[in-house]
Amino acid sequence: MTVTSKTLLGFDFGTKSIGVAIGQEITGTASPLEAIQARDGIPDWDLVKNVYEQWQPHLVVVGLPLNMDGSKQEMTFKAQKFANRLHAKFKVPVQTLDERLTTVDAKARLFEMGGFKKLSKGKVDSASACLILESFMSQ
């Protein structure tokens with residue numbers, strides 16, 4: 001029997017910075033990649049294309065920011081639009097996942113690893129993308 005490991009790509013959408021992480025289904029772990037700068041939620045699509053070409057993901061997971069009561073907000077719709085664009089441009093299946101509290105968890109994790117100097121915006125966003133992927137894989 002052969003075990004195949006799917007590669008997953010995770011995104012933590014933001015209007016100024018989009019966190020990126022790569023994960024392996026077989027291990028259930030994710031690693032942060034360089035965050036992609038965005039202008040009003042629009043990334044440099046060439047940079048996104050480079051990430052897809054380098055990692056060749058089987059599945060993409062985009063965090064969906066919801067209010068604490070589970071209701072949608074403006075960022076929820078922007079993240080969904082980003083997920084839809086990823087699917088249209090790269091033809092790889094995209095799923096969304098409730099990401100409530102991932103930024104808080106990511107900051108706590110980074111602080112444990114190295115204090116305040118680890119808390120730069122891009123690092124927090126990509127750590128959040130890791131948590132989104134790990135949460136998805138543990139379902």
Inter-residue atom distance Gln139.CD - Leu97.CG, 0.5 Å rounding: 5.5 Å
Ile132 CD1 to Asp12 CG distance, which is reported to the nearest 0.5 Å: 4.0 Å
Minimum-distance pair of heavy atoms, taken over all atoms of Ala38 and Gly14: CB-O, 4.1 Å
Spatial distance of atom CG (Asn84) from atom OG1 (Thr96) [nearest 0.5 Å]: 9.0 Å
Donor-acceptor under 3.5 Å (Ser126 side chain, Val20 main chain): yes
Pair listing, salt bridge (charged side-chain N to carboxylate O under 4.0 Å, His left out) test, anchored in residues 49-58, at least two apart: Lys49-Glu53
Partners passing side chain to side chain donor-acceptor pair (under 3.5 Å) against Ser31 (at least two apart in sequence or in another chain): none
Qualifying residues under side chain to side chain contact (heavy atoms under 4.5 Å, CB included), relative to Tyr52, sequence neighbours excluded: Leu9, Phe11, Val48, Pro57, Val60, Leu86, Phe90, Val92
Which atom of Ser17 lies closest to which atom of Asp125, heavy atoms considered: OG-OD2, 2.7 Å
Residues Thr7, Gln24; criterion side chain to side chain donor-acceptor pair (under 3.5 Å); working and verdict: CA-CA 5 Å; Thr7 300; Gln24 290 298 322; 3.1 Å; yes
Atom of Ala35, atom of Gly19 and distance for their closest heavy-atom approach: CB-CA, 4.3 Å
With sequence neighbours excluded, residues passing side chain to side chain contact (heavy atoms under 4.5 Å, CB included) with His87: Val94
Closest contact, heavy atoms only, Ala129 versus Gly10: CB-O, 3.8 Å
Gln37 side chain near Asp44 side chain, heavy-atom distance below 4.5 Å: no
From Leu8 atom CG to Thr29 atom OG1, the distance as rounded to the nearest 0.5 Å: 10.5 Å
Rounded distance [0.5 Å steps], CZ in Phe82 versus OG1 in Thr15: 12.0 Å
Cluster overlap Met75 with Phe77, hydrophobic side-chain contacts below 4.5 Å: no
From CD1 (Ile26) to NZ (Lys6), nearest 0.5 Å: 12.0 Å
Residues that Gln95 engages under side chain to side chain contact (heavy atoms under 4.5 Å, CB included), provided they are two or more places apart: Leu59, Phe136
Between side-chain atoms of residues 62-74 and protein atoms elsewhere (two or more places apart, or another chain), which donor-acceptor pairs fall under 3.5 Å?
residue : atom : partner : partner atom : Å
Asn67   : ND2  : Ser71   : OG           : 3.0
Asn67   : ND2  : Lys72   : O            : 3.4
Asp69   : OD1  : Ser71   : N            : 2.9
Asp69   : OD1  : Ser71   : OG           : 2.6
Glu74   : OE2  : Lys78   : NZ           : 3.1

